[in-house]
Amino acid sequence: MASFDGEGLRMRVVVTDAEVTLADVLSLRLAVDRPLKPGMELVLRHRATGVERRIALGAAGAEVRDAALAVSLSPLTLTSGRWDAYLGDEEGRTRIRSVDPGFSLDHLDTYALSRRTLAYRAYRTRNGFLALKICTAEPAAEVRAVWFREGRFEVTGLLAYTGLDDDDSRHEATLSLHRSGPAQSHDRPGGDTGEAAAETTVAAVATVQGVRFHAAVSLVDVVAADPQGAGTWKPSLEVEGVPAPLRLASRLDDVDGKRRRLHYPAMRVDGVPVRPCYTADDELRIEVGV
């Protein structure tokens, strides 16, 4: 447990249950060896910039009942990034320890069904402290499974932050793979010469029911679309009722940095190696001939 020293009082406190609710309220249950004393506050500190937000315990926006704490996050104007949690008063502060991961995978799925601008997540750091992760909540196609079989690239997942209902309704959808090639010169009116990047696209019909999707694209068609080129293809999903194409990514889990941690075996299509991979920010890509 973390220790807090103030006015000769030594307090031991640890978070046993942490959750950001669907209403973006940070709900904490604390194990303490004595009641929280007046004047204490919860401090959230942005790890990169050092910017702080202070919430007085028992004041507006916070509620203390025995060892339970609830804080509405939206009014705090927290920005994207990692925020570490501290407990303190005018005498000092201590970083709060936690024994709870802060989320479940099922809860992350449910949380992502609403349309949001920011996504808040409580989590336990590698060293066992309580922290918040905040990121922009753009609509996306959250990848749950990827595989190559029978010459096809197949993917399944969940539509996140689109606001669509999780029901049995079907939506027309298309999965597209895009590859940007070298710039090509074009003659412009008036004698000017400009350059435009050539883009190759392979598309296939996808299945979307409620917020669940499944799609498959022929890898033979992908290789044939650019037989002389080696490069990376970017998938996107267009869904009826969603204004913009959705990027395929995998972020609603506890595995950050998938590019380093997940390595798929390559499949050879007409002698060309093809494999899925992730970018540094966990977006899905297909490498062909690389």
Side-chain angles (χ1 to χ4, degrees), residues 15 17-29 42 44 46 53 55 60-63 68-83 85 98 100-124 130-145 155-175 206-215 235-256 258 281-284:
V15 172
D17 185 71
E19 179 187 34
V20 175
T21 70
L22 299 181
D24 290 334
V25 172
L26 176 62
S27 175
L28 301 176
R29 183 162 295 279
L42 175 68
L44 299 176
H46 194 275
R53 298 288 185 270
I55 304 96
E63 182 177 303
L69 175 66
V71 177
S72 180
L73 297 174
S74 298
L76 300 179
T77 62
L78 302 175
T79 55
S80 297
R82 311 274 177 156
W83 294 75
S98 176
D100 183 54
F103 62 89
S104 69
L105 298 182
D106 288 342
H107 173 79
L108 291 180
D109 283 358
T110 304
Y111 185 84
L113 295 182
S114 300
R115 193 188 302 273
R116 303 174 183 275
T117 56
L118 287 178
Y120 304 87
R121 183 191 302 185
Y123 74 101
R124 183 183 63 227
L130 174 68
L132 290 177
K133 176 183 178 181
I134 304 176
C135 61
T136 302
E138 298 179 350
E142 176 71 15
V143 174
R144 286 300 153 83
V155 59
T156 61
L158 170 83
L159 302 184
Y161 308 119
T162 62
L164 295 179
D165 293 328
D166 187 10
D167 54 22
D168 293 330
S169 60
R170 291 185 175 271
H171 307 273
E172 293 185 4
T174 302
L175 177 70
T207 300
V208 174
Q209 183 171 335
V211 294
R212 318 290 165 172
F213 73 89
H214 171 268
S236 66
L237 186 68
E238 296 180 53
V239 181
E240 175 191 12
V242 179
L246 303 175
R247 296 175 294 177
L248 271 68
S250 184
R251 300 190 177 106
L252 299 181
D253 56 27
D254 56 352
V255 182
D256 291 330
K258 293 179 178 63
D281 59 352
D282 293 333
E283 288 191 16
L284 182 65

If you measure from [atom1] on [X] to [atom2] on [Y], what distance do you get to the nearest 0.5 Å?
{"X": "L76", "Y": "W83", "atom1": "CG", "atom2": "CH2", "result": "8.5 Å"}
{"X": "L132", "Y": "L26", "atom1": "CG", "atom2": "CG", "result": "5.5 Å"}
{"X": "R82", "Y": "L44", "atom1": "CZ", "atom2": "CG", "result": "14.5 Å"}
{"X": "L78", "Y": "I134", "atom1": "CG", "atom2": "CD1", "result": "4.0 Å"}
{"X": "D281", "Y": "K258", "atom1": "CG", "atom2": "NZ", "result": "10.5 Å"}
{"X": "D106", "Y": "L252", "atom1": "CG", "atom2": "CG", "result": "12.0 Å"}

Should R144 and D109 count as an ion pair when the cut-off is N to O under 4.0 Å? yes

Ionic contact status for R212 with D166, cut-off 4.0 Å: yes

So, does [X] use its side chain to make a donor-acceptor pair with the main chain of [Y] at under 3.5 Å?
{"X": "R124", "Y": "L130", "result": "no"}
{"X": "K133", "Y": "G81", "result": "no"}
{"X": "R53", "Y": "T77", "result": "yes"}
{"X": "Y111", "Y": "Y120", "result": "yes"}
{"X": "H46", "Y": "S80", "result": "yes"}
{"X": "D17", "Y": "L28", "result": "no"}
{"X": "D167", "Y": "S169", "result": "yes"}
{"X": "H107", "Y": "V20", "result": "yes"}

Give the minimum heavy-atom separation between [X] and [Y], together with the two atoms involved.
{"X": "S27", "Y": "T21", "result": "CB-CG2, 4.3 Å"}
{"X": "L246", "Y": "A140", "result": "CD2-N, 3.9 Å"}
{"X": "V211", "Y": "L164", "result": "CG1-O, 3.4 Å"}
{"X": "S250", "Y": "V143", "result": "OG-O, 3.6 Å"}
{"X": "G210", "Y": "L159", "result": "O-CD1, 4.4 Å"}

Please identify which of these residues, E138, E283, E142, meets the salt bridge (charged side-chain N to carboxylate O under 4.0 Å, His left out) condition with R251. E283

Could you go step by step and tell me if L237 and F213 meet the side-chain contact (heavy atoms from CB on, under 4.5 Å) rule? CA-CA 9 Å; L237 186 68; F213 73 89; 3.9 Å; yes

Count the heavy atoms belonging to other residues, nucleotides or ligands that lie under 6.0 Å from CD of E172, then report whether that count exceeds 12. no

With R121 as the cation and F103 as the aromatic partner, state whether NZ or CZ is under 6.0 Å from the six-membered ring centre and within 45° of the axis. yes

Sub-4.5 Å side-chain heavy-atom contact between L113 and T162: no

Derivation of the side-chain contact (heavy atoms from CB on, under 4.5 Å) call for V155 and L175: CA-CA 10 Å; V155 59; L175 177 70; 4.2 Å; yes

